[in-house]
K.L.:
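The following block contains the structure, expressed as structure tokens.
Here the structure is a predicted model, which is why all the values come from computation and not from measurement.
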Amino acid sequence: MKKIVGILSAAAVLATSVFAADVSAKVNILGDLFHFDGASKRISSFAIAEGGQGWNPSFSMSVSDDVSGAWMKFFDSGATGAVSNVDYQIWFKPVDSFKISVGKFETNLNQEHINWSNSATSIDTDGFGFSFSANGFSLDAALLPGWAPANFGWNRAGISKAWLVKEDGVDPVLSEMYFKLAYAADFGAISAYAQLNEGCQKNVNEFGAGYSNKFGDVSMFVNASVGLSDAGFGIFRGELYAETNIDAISLKGFVAGGYAGKTFSASFAKDKDVAKTNGHVVAEKAYVGGLFNIGFPVGDFGGYLKIWDGNFMADKLDITFKPGLTKNFGLCAFDCAVEINVAGDKVNVDVPLVFTVSY
């Protein structure tokens, strides 16, 4: 992992000196000053791990000009530091309003600004993306088969993972497709999407719509989505987010809830994560979860209090309180907090550290 980061960083410096390109990069390292496990009573301190947040890569870099670009994100195993997954995308614009991308395809209707990772309307998979925008309208379409085995060139006949596969004498099989339409004007922004054959599962489909706007000092959005399959109703989910500032105090809140059908676990498992706590959502039950953040200055530091519960309606209590401090030292951003998780009759205590260098 460290060798790869060094090579790519050197390449970024060379690119900026030779070509007229915008280059940015970020290195992210996590650690623990202290951890107490309420179930086992185990205590540990001064641990460091290169990965662990899942959605937040250990190393990322992007390079672009006005009409083309690429980005990549490296995730590691968290145990050995070895690269466990790599996301990357290359994009270009044949004309100013039309963009083609190959590789990782990511988008959503609206995303909360606390963890930046919780909307069930988001999509994060691999394939071919096409985006058009003009006069407030935007249209995204994608063909998303995921990555095929590395057998191109010498064994093209062996490619079985593609967006369209037709064996002799049988009907063609289509992989995942995604479509999103949005329009923004003075009244706010409206959007809708359709995700067909979700996860490359035939006839597992998801549909949703969203609205966002700003009323005075309050920015907000609402999303709604429903998942359906041949087996029947999968899940309905609604999301509400709002944020505002009162002098030096920032307030942010995200609430998500709905009802999970019989086919929830098999086909729509991604929607269980209300606030990145695995929500305790089970089939044929309603759920409501929330994530809240208060930001405030503490001398030269930035202070915050984050509170989340994946499902307020769960049989077992599982709520987390996280007060913390942030500070920038040159290129390095530092985040230290105390994370207290109350899970049933057990209390877990963690003192996480996050170091991030961006340039």
K.L.:
Going by the rule salt bridge (Lys or Arg N to Asp or Glu O under 4.0 Å), which residues pair with E112 if we only count those two or more places apart in sequence or in a different chain?
P.N.:
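Listed in chain order: nothing, the list is empty.
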
K.L.:
Please identify each residue that fulfils ring pair (Phe, Tyr, Trp, His ring centres under 6.0 Å) with Y88, with sequence neighbours left out.
P.N.:
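With neighbours one apart ignored, the set is W147.
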
K.L.:
Are the aromatic rings of Y193 and F179 close, with centres under 6.0 Å apart?
P.N.:
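That pair fails the under 6.0 Å test.
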
K.L.:
Could you list who else is in L240's hydrophobic cluster, with ILVMFWY side chains joined at under 4.5 Å, directly or through other members?
P.N.:
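Once heavy-atom contacts under 4.5 Å are chained together, L240 belongs with F137, Y183, F187, I190, Y211, F215, M220, V222.
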
K.L.:
Salt bridge (Lys or Arg N to Asp or Glu O under 4.0 Å) with D87: which residues, sequence neighbours excluded?
P.N.:
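Listed in chain order: K104.
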
K.L.:
Using distance only, find each side-chain donor-acceptor pair of residues 321-328 under 3.5 Å and give its atom names and separation, not counting sequence neighbours.
P.N.:
unit_1 : atom_1 : unit_2 : atom_2 : d
T326   : OG1    : G302   : O      : 3.3
K327   : NZ     : D300   : O      : 3.3

K.L.:
Does S175 reach the side chain of W163, with side-chain heavy atoms less than 4.5 Å apart?
P.N.:
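When only atoms from C-beta onward are counted, W163 and S175 do touch, with a gap below 4.5 Å.
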
K.L.:
Under the salt bridge (charged side-chain N to carboxylate O under 4.0 Å, His left out) rule, what pairs show up with a residue in residues 128-140, not counting sequence neighbours?
P.N.:
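For residues 128-140: D140-K180.
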
K.L.:
With a cutoff of under 4.5 Å between side-chain heavy atoms, which Ile, Leu, Val, Met, Phe, Trp and Tyr residues group with V170?
P.N.:
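ILVMFWY cluster around V170 holds nothing else.
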
K.L.:
With ILVMFWY side chains joined below 4.5 Å, transitively, what does V173's cluster contain besides itself?
P.N.:
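Noted: V173 shares its cluster with no other residue.
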
K.L.:
As an exercise, state the distance from CG of L33 to OG of S45, rounded to the nearest 0.5 Å.
P.N.:
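L33 atom CG to S45 atom OG measures 8.5 Å (nearest 0.5 Å).
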
K.L.:
For Y304, check ring pair (Phe, Tyr, Trp, His ring centres under 6.0 Å) against everything at least two apart and list the hits.
P.N.:
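Listed in chain order: nothing, the list is empty.
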
K.L.:
Tell me, please, which residues at least two apart from F334 pass ring pair (Phe, Tyr, Trp, His ring centres under 6.0 Å).
P.N.:
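Here the qualifying residues are F355.
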
K.L.:
As an exercise, state the distance from OG of S62 to CE of M72, rounded to the nearest 0.5 Å.
P.N.:
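Those atoms lie 9.0 Å apart.
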
K.L.:
Give me each pair satisfying side-chain hydrogen bond (donor to acceptor under 3.5 Å, both in side chains) with a member in residues 336-349, each pair once, sequence neighbours excluded.
P.N.:
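As it turns out, the side-chain hydrogen bond (donor to acceptor under 3.5 Å, both in side chains) pairs with a partner in residues 336-349, which skip direct neighbours, are D318-N341, T320-N341, N341-N348.
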
K.L.:
Could you list the donor-acceptor pairs under 3.5 angstrom formed by side chains in residues 247-258, with sequence neighbours left out?
P.N.:
unit_1 : atom_1 : unit_2 : atom_2 : d
S250   : OG     : G295   : N      : 3.3
K252   : NZ     : H113   : O      : 3.1

